[in-house]
Number of protein chains: 2
Amino acid sequence: MVTPILTKNQSLVLDALAHAEAPLSAYTILDKLRDHGFRAPLQVYRALEKLQEFGLVHRLESLNAFVACACREDHDHTHHHHGVTMFAICEGCGQVTEFHDTGMEERLALLVKKQHFKTEKTTIEIRGHCQNCV
Amino acid sequence: MVTPILTKNQSLVLDALAHAEAPLSAYTILDKLRDHGFRAPLQVYRALEKLQEFGLVHRLESLNAFVACACREDHDHTHHHHGVTMFAICEGCGQVTEFHDTGMEERLALLVKKQHFKTEKTTIEIRGHCQNCV
DNA sequence: TCAATTGCGTAATGCTATAACGTGTGTCAT
DNA sequence: ATGACACACGTTATAGCATTACGCAATTGA
């Protein structure tokens, strides 16, 4: 999918996430954007929904929070990846690292195939501590 | 860990989950157990917390719901597994299949090690459709 | 032009989870 | 025995996350 033009609300939400050090909850985003006219949770959730469709934002299920996709740091989009995304979530500093591995994807695909299961969305989240947080 | 003796509340919650066809939310469990004296969410959450510690119950992060561990169906506990647990969650019938794979575990361990990350808890949930639900 | 689609704003509501009390019970070292 | 502690429990209130329902405005395209 080619990156679509974002609406004002979508841009605001994406910027908030992109500039954050850690995942943000929808309500935290709402608070950050009150000065920009945001008044209700739905404004945030609607923007998040679209941004997730576009692959620009990920939802972290184990945190009920959201992060900007790492591909945003890759301005040439040379690394933009559409397979399974994995997250390492540090309980210490809150930082989230996104990573990918085709080997994992293949192995997982094989496992679900054996069960005759049709995958639609895969969630892989590792909670723990990063190098700096012991 | 040897399976500890469960309290009354813990047994009730575990039974509710074990007899369910699909994952249950904490509030659904509460409703099912009102006739047994349950009145407040905390009674459910406290039991769930312990049951998760004991490895008898899993939380599904992408559903905000809970399932009895598959090891309960294995009365000799010969298959009781303490590594990474993966779940295939059918959007059609709601059924959840628990599965394990040491190859995945090893590969994942390798990947996080490369990032100098210390894993504490791993969540792997596959959303999709099972064989019966197309 | 009319219909369909999409995004937006607002209010209300529902679902999920925890905080902060206090009570009772059992263990166990003193 | 008694005091200290740990633990399970019960209740109320509150916090945090997400959606339903309504209506309006702008855009698109048959």
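Treat the numbers as computed from the prediction; the structure is a model and nothing was measured. Atom set for the values below is all heavy atoms of this structure, side chains included, hydrogens, waters and symmetry mates excluded. Every chain is numbered from 1, with letters handed out A, B, ... down the list of sequences.
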Atom pair distance, as rounded to whole Å: CG in A/L6 and C1' in C/dC8: 16 Å
Using chain A heavy atoms and a threshold of under 4.0 Å, write down where along DNA chain D the contacts begin and end, 5' to 3'. D/dC17 to D/dA21
Mark up nucleotides 13-28 of chain C, 5' to 3', with B wherever a protein heavy atom is under 4.0 angstrom from a base atom, S wherever such an atom reaches only the sugar-phosphate, and - elsewhere. ---BBBBB--------
A/F66 versus A/L48: any side-chain heavy-atom pair under 4.5 Å? yes
What is the distance from NZ of A/K50 to C1' of C/dC8, rounded to the nearest Å? 13 Å
Residues which pass side-chain contact (heavy atoms from CB on, under 4.5 Å) with A/Q115, listed by chain and number, not counting sequence neighbours: A/F117, B/A88, B/T97, B/F99
Go through the structure and list residues passing side chain to side chain donor-acceptor pair (under 3.5 Å) with B/S25, not counting sequence neighbours. B/T28
Cluster membership besides B/F87, Ile/Leu/Val/Met/Phe/Trp/Tyr side chains within less than 4.5 angstrom, sorted by chain and number, is B/L60, B/L63, B/V67, B/I89, B/V96
Show me the pairs that pass side-chain hydrogen bond (donor to acceptor under 3.5 Å, both in side chains) and involve residues 32-52 of chain A, at least two apart or across chains. A/D31-A/R34
Nearest whole Å is fine: how far is C/dG9 P from A/F38 CZ? 7 Å
Who are the side-chain contact (heavy atoms from CB on, under 4.5 Å) partners of B/D101, not counting sequence neighbours? A/R107, A/L111, B/M86, B/M104
Looking at five pairs on each end of the helix from C/dT1-D/dA30 to C/dT30-D/dA1, what is the angle between the two axes, given to 10 degrees? 30°
A/I124 versus A/L108: any side-chain heavy-atom pair under 4.5 Å? yes
Kindly write out the residues that satisfy side chain to side chain donor-acceptor pair (under 3.5 Å) with A/N64, not counting sequence neighbours, or none if the list is empty. A/R59
Would you list the pairs meeting salt bridge (charged side-chain N to carboxylate O under 4.0 Å, His left out) in which at least one residue belongs to residues 125-134 of chain A, sequence neighbours left out? A/E91-A/R127
Is there a donor-acceptor contact under 3.5 Å linking the side chains of A/H100 and A/E98? yes
